[in-house]
Amino acid sequence: MRFCYAPAHDMAAIGRFQKGDEIFYAKVVDGEVFKLRGDVFGSPAFDKKPTPFKGLRTLTPVAPSKIIAVGLNYADHARESGKPLPTEPLFWLKAPTSLIPDGGKIEIPFPEHRTDFEAELAIVIGRRVRNVTPAAAGRYILGYTAVEDISDRTIQNSESQWARAKSYDTFTPMGPYIETKIDPHNLTIQLFQNGQLRQNSNTSQLIFNCFQLVSFISTNMTLLPGDIICTGTPAGVGPIASGDRLEVRIEGLAPLVNTVK
């Protein structure tokens with residue numbers, strides 16, 4: 001597994017790894033992995049010496065109880081979808097079994113269907129939260145990671161509910177790490193398909209920002225540590241095909257790279 005990413009010194013990248021039967025969190029600094037001691041959602045401490053890379057596998061950075069996906073949250077994407085701007089966040093649940101890590105392969109269940117990429121910034125919840133205000137929401141966020149919301153458009157356009165179209169196994173690539181010290185409100189977000197730039201926007205264009213989303217969703221359900229909120233995708237979504245290489249680049253985060261089987 002590659003560890004080429006070197007975060008800025010004022011950032012803290014947290015990953016989740018497996019070595020043999022052991023699964024553990026670690027911070028990634030200048031391409032080295034330092035194992036966590038204690039609770040990643042509490043007051044973690046880290047080993048002073050790095051863990052050797054040999055036999056180390058990168059997992060999704062959290063194992064969420066639920067994945068909440070937000071739709072039509074960039075005005076340009078709402079326009080290209082031909083749908084009116086929402087007056088409040090539109091969200092649904094994706095199956096946690098749809099998750100795959102950085103480097104994992106996306107599988108298209110119905111090759112005759114149109115299946116699209118969607119690059120998104122994801123919020124990682126750090127503390128149990130219910131009914132929080134937007135002003136206080138940041139205290140309940142552990143950090144942010146890159147995600148893709150792969151979507152079977154043929155099914156999505158034939159149903160009023162979107163969960164099935166977006167919950168197939170491998171339909172939520174996520175990772176590789178969680179950035180715990182970053183401002184989410186002005187980040188470039190891009191998707192490259194086989195090296196070609198397909199999506200190019202900024203999180204400042206979100207209709208409902210990260211704090212507003214956590215507040216709104218927490219009035220509808222309790223959010224637990226490790227839960228994921230996918231904040232929506234900008235314009236430029238397009239179809240994927242077998243053999244594609246998809247790369248999500250979000251400013252300040254390690255790139256998320258996956259291939260299509």
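Along the sequence shown, residues are numbered consecutively beginning with 1. As a basis for the values below, the full set of heavy atoms in this structure was taken, side chains included, without hydrogen atoms, waters or symmetry mates.
Taking hydrophobic clusters as Ile, Leu, Val, Met, Phe, Trp and Tyr residues chained together by side-chain heavy-atom distances below 4.5 Å, Leu224 does not share a cluster with Val62. Residues Leu56 and Val28 are members of one and the same hydrophobic cluster, defined by side-chain heavy-atom contacts under 4.5 angstrom among Ile, Leu, Val, Met, Phe, Trp and Tyr. Taken together through direct or relayed side-chain contacts under 4.5 Å among Ile, Leu, Val, Met, Phe, Trp and Tyr, Phe192 and Leu256 form parts of separate hydrophobic clusters. Val237 and Val260 end up in different hydrophobic clusters when Ile, Leu, Val, Met, Phe, Trp and Tyr side chains are linked at under 4.5 Å. The cluster map of Ile, Leu, Val, Met, Phe, Trp and Tyr, joined by side-chain heavy atoms under 4.5 Å apart, puts Val70 and Leu72 in different clusters.
Using a 4.5 Å cut-off on side-chain heavy atoms (C-beta onward), Leu121 and Cys210 make contact. Counting heavy atoms from C-beta on, the side chains of Ile23 and Leu59 come closer than 4.5 Å. Thr231 has its side chain out of reach of Thr203: every pair of non-hydrogen atoms, C-beta onward, lies at least 4.5 Å apart. Looking only at side-chain heavy atoms (C-beta outward), Arg37 and Lys35 come within less than 4.5 Å of each other. Side-chain contact between Leu246 and Thr259 is absent, with no heavy-atom pair separated by less than 4.5 Å. In this structure, Leu142 and Ile125 have side chains that are not in contact, with every pair of non-hydrogen atoms separated by 4.5 Å or more. Within the 4.5 Å cutoff, no side-chain heavy atoms of Glu251 are placed close to those of Leu253. The side-chain heavy atoms of Asn200 and Thr188, taken from C-beta on, include a pair separated by under 4.5 Å.
A distance-only check finds a donor-acceptor pair linking the side chain of Asn258 to the backbone of Pro101 [under 3.5 Å]. A donor-acceptor pair is defined here as one N or O able to donate and one able to accept, closer than 3.5 Å; such a pair exists between the side chain of Ser167 and the backbone of Ala95. A side-chain donor-acceptor contact under 3.5 Å links Lys94 to the backbone of Phe171. Side-chain atoms of Ser218 come within 3.5 Å of backbone atoms of Val132 as a donor-acceptor pair (strictly under, hydrogens ignored). In this structure, Lys66 contributes its side chain and Ile229 its backbone to no donor-acceptor pair below 3.5 Å. Checking side-chain atoms of Gln199 against main-chain N and O of Pro234 turns up a donor-acceptor pair under 3.5 Å. Checking side-chain atoms of Asp102 against main-chain N and O of Val257 turns up a donor-acceptor pair under 3.5 Å. Distance alone, capped at 3.5 Å, places no donor-acceptor pair between the Arg198 side chain and the Gly236 backbone. Checking side-chain atoms of Thr145 against main-chain N and O of Tyr177 turns up a donor-acceptor pair under 3.5 Å. Side-chain N or O atoms of Gln196 include none that pairs as donor or acceptor with a backbone N or O of Gln193 at under 3.5 Å.
Distance check: Leu90 CG to Leu85 CG gives 12.0 Å after rounding to the nearest 0.5 Å. Considering CD of Glu88 and CD1 of Ile207, their distance stands at 13.0 Å, rounded to 0.5 Å. Rounded to the nearest 0.5 Å, atoms CD1 (Ile68) and CD1 (Ile217) are 5.5 Å apart. Note that the CG atom of Asn73 and the CD atom of Gln205 stand 11.5 Å from one another [nearest 0.5 Å]. Between the CG atom of Leu191 and the OG1 atom of Thr233 there is a distance of 7.5 Å, given to the nearest 0.5 Å. Distance check: Ile240 CD1 to Thr115 OG1 gives 5.5 Å after rounding to the nearest 0.5 Å.
When every heavy atom of Thr170 is checked against every heavy atom of Pro173, the shortest pair comes out as O-CD, 3.8 Å. The nearest pair of heavy atoms linking Tyr140 to Ala136 is CD1-O, 3.5 Å. Across every non-hydrogen atom of Pro61 and Pro176, the tightest pair is CB-O, 3.8 Å. Asn194 and Gly243 make their closest contact through OD1-O, 4.1 Å (heavy atoms, listed as atom of the first residue, atom of the second, distance).
The closest side-chain donor-acceptor pair between Ser151 and Lys166 falls under 3.5 angstrom. With 3.5 Å as the limit, one finds a donor-acceptor pair spanning the side chains of Arg16 and Thr60. If you check the side chains of Thr172 and Glu148, you find no donor sitting under 3.5 Å from an acceptor. A donor-acceptor contact closer than 3.5 angstrom links the side chains of Asn202 and Asn186. Residues Asp227 and Ser65 have side chains that bring a donor and an acceptor to within less than 3.5 angstrom of each other.
Other residues, nucleotides and ligands contribute over 12 non-hydrogen atoms within 6.0 Å of the CZ atom of Arg130. By the 6.0 Å contact criterion, CZ on Arg153 is enclosed, its count of non-hydrogen atoms from other residues, nucleotides or ligands being greater than 12. The 12-atom threshold is exceeded at CD of Glu22, counting heavy atoms of other residues, nucleotides or ligands nearer than 6.0 Å.
Below 30°, between 30° and 60°, or above 60°: for Phe24 and Phe17 the angle between ring planes is between 30° and 60°, a tilted geometry.
Among Phe211, Tyr144, Phe208, the one residue that satisfies the ring-ring contact (aromatic ring centres under 6.0 Å, His included) test with His185 is Phe211.
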- prompt: Please walk me through it: do Val40 and Ile14 pass side chain to side chain contact (heavy atoms under 4.5 Å, CB included)?
  reply: CA-CA 9 Å; Val40 70; Ile14 305 293; 3.9 Å; yes
field: Derivation and outcome, side chain to side chain contact (heavy atoms under 4.5 Å, CB included), residues Leu99 and Ile67
entry: CA-CA 9 Å; Leu99 285 167; Ile67 304 167; 3.7 Å; yes
task: Dump the intermediate steps for ring pair (Phe, Tyr, Trp, His ring centres under 6.0 Å) on His77 and Tyr74, then the final yes or no.
output: CA-CA 5 Å; His77 178 53; Tyr74 286 81; 8.2 Å; no
message: Run Ile155 and His113 through side chain to side chain contact (heavy atoms under 4.5 Å, CB included) and show every step you take.
response: CA-CA 8 Å; Ile155 292 174; His113 290 189; 3.8 Å; yes
query: Please walk me through it: do Phe91 and Met221 pass side chain to side chain contact (heavy atoms under 4.5 Å, CB included)?
result: CA-CA 12 Å; Phe91 72 87; Met221 63 182 71; 3.5 Å; yes
Worked verdict on Lys27 versus Glu32 for salt bridge (Lys or Arg N to Asp or Glu O under 4.0 Å): CA-CA 8 Å; Lys27 69 176 177 180; Glu32 293 190 305; over 6 Å; no
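Remark: Arg249 engages Glu247 in a salt bridge, criterion side-chain N to carboxylate O under 4.0 Å.
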